[in-house]
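These notes concern the structure reproduced below.
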Amino acid sequence: DTGVSQDPRHKITKRGQNVTFRCDPISEHNRLYWYRQTLGQGPEFLTYFQNEAQLEKSRLLSDRFSAERPKGSFSTLEIQRTEQGDSAMYLCASSLSGTSGYEQYFGPGTRLTVT
Amino acid sequence: GNSVTQMEGPVTLSEEAFLTINCTYTATGYPSLFWYVQYPGEGLQLLLKATKADDKGSNKGFEATYRKETTSFHLEKGSVQVSDSAVYFCALSGNTGANSKLTFGKGITLSVRP
């Protein structure tokens with residue numbers, strides 16, 4: 001399977017704990033995106049990388065959120081001091097710059113539940 | 001900023017009925033337009049796209065035409081099947097690297113009954 005993969009698929013944590021999610025993009029894709037999706041809504045952009053450089057961060061990404069892509073391959077998204085409002089599906093997508101329309105391919109998502 | 005508006009749902013149709021799902025957008029410049037689909041228990045999949053005005057995207061019997069004059073990208077299918085039951089999202093992105101993030105509509109749930 002050469003699609004985008006995410007780990008874990010589900011995470012239940014207590015409020016105040018830290019969590020980290022991993023995304024492995026399609027191997028030749030140099031762009032990687034993180035989105036958040038809540039029930040009944042479309043995904044909302046959080047941040048994106050071109051290679052290892054983080055080029056844009058949404059205002060949705062509070063100081064408790066940090067993302068890295070250290071070698072330009074996989075990425076991690078960490079949430080510190082989780083709050084109940086962080087409960088959502090976290091989606092990762094990748095694309096190849098220079099392709100027409102910058103179409104993005106999505107992973108299955110990590111569903112976070114904060115209790 | 002960019003935004004996408006989809007018609008309110010959910011939509012329930014009988015098999016072989018004609019489908020239209022409306023989508024309008026607000027954007028600066030000349031965005032690319034997409035329809036993504038999310039089948040039950042699965043991730044988002046790209047259904048079709050159009051990158052410039054008057055382009056028609058098509059896939060799996062679905063079609064959508066990029067209408068710049070009406071800022072619309074309505075999704076149509078002539079004869080839906082039960083297997084088309086899913087959530088459909090309209091989305092746009094800029095056409096430069098710095099503006100490549102996707103902006104999504106809220107999505108609409110389609111249920112097709114036999």
Side-chain angles (χ1 to χ4, degrees), chain A residues 1 3-7 9-10 21 23-26 29-51 53-61 67 88-111, chain B residues 1-10 21 23 25 27 29-53 55-57 59 64 66 73 86-109:
Chain A
D1 186 3
V4 178
S5 61
Q6 293 186 244
D7 184 70
R9 295 290 302 275
H10 303 273
F21 310 141
C23 171
D24 287 87
I26 294 171
H29 285 184
N30 59 342
R31 286 175 177 251
L32 186 148
Y33 303 79
W34 285 99
Y35 295 85
R36 181 170 66 189
Q37 185 179 18
T38 53
L39 199 62
Q41 302 295 317
E44 294 176 296
F45 170 77
L46 294 178
T47 188
Y48 93 96
F49 294 84
Q50 177 154 319
N51 301 313
Q54 188 173 18
L55 297 186
E56 187 176 352
K57 292 195 294 186
S58 164
R59 285 169 295 187
L60 291 175
L61 214 64
M89 178 76 86
Y90 289 84
L91 300 171
C92 176
S94 69
S95 73
L96 187 61
S97 63
T99 54
S100 175
Y102 295 99
E103 54 191 74
Q104 297 177 24
Y105 295 86
F106 283 80
T110 294
R111 181 169 295 284
Chain B
N2 296 341
S3 67
V4 174
T5 303
Q6 291 185 233
M7 59 185 277
E8 294 289 325
I21 301 177
C23 171
Y25 68 90
Y30 302 93
S32 290
L33 301 174
F34 306 86
W35 277 98
Y36 279 84
V37 59
Q38 192 167 34
Y39 297 104
E42 299 185 18
L44 276 168
Q45 299 176 25
L46 178 65
L47 180 60
L48 55 83
K49 70 174 187 182
T51 58
K52 60 184 187 295
D55 266 4
K56 178 185 285 188
N59 186 25
Y66 189 140
F73 193 55
V87 182
Y88 292 82
F89 294 93
C90 185
L92 66 81
S93 73
N95 267 328
T96 64
N99 197 21
S100 61
K101 63 180 181 285
L102 287 165
T103 299
F104 286 86
K106 288 187 175 183
I108 187 168
T109 300

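Each chain gets a letter, A, B and so on, in the order the sequences are listed, and its residues count up from 1. Side chains included, hydrogens not; waters and symmetry mates left out as well; all remaining heavy atoms used.
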key: side chain to side chain contact (heavy atoms under 4.5 Å, CB included) between B:Ser100 and A:Tyr33, intermediate numbers included   = CA-CA 10 Å; B:Ser100 61; A:Tyr33 303 79; 2.6 Å; yes
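Under the 4.5 Å side-chain criterion, counting only non-hydrogen atoms from C-beta, B:Phe73 is not in contact with B:Leu92. Counting only heavy atoms from C-beta outward, the side chains of A:Leu55 and A:Tyr48 approach each other to under 4.5 Å.
There is no contact between A:Glu44 and chain B, counting heavy-atom distances below 4.5 Å. For B:Leu44, the parts lying near chain A are the backbone and the side chain together; criterion is any non-hydrogen pair under 4.5 Å. In this structure, chain A has no heavy atom under 4.5 Å from any part of B:Gln45.
Note on B:Leu46, B:Val4, B:Leu102: by heavy-atom pairs under 4.5 Å with chain A, the leading option is B:Leu102. Counting heavy-atom pairs closer than 4.5 Å to chain A, the top residue among B:Gln6, B:Gln38, B:Lys106 is B:Lys106.
Between the CD atom of A:Gln37 and the CZ atom of B:Phe89 there is a distance of 4.5 Å, given to the nearest 0.5 Å. Annotation: the span from A:Cys92 atom SG to A:Leu32 atom CG amounts to 4.0 Å, rounded to 0.5 Å.
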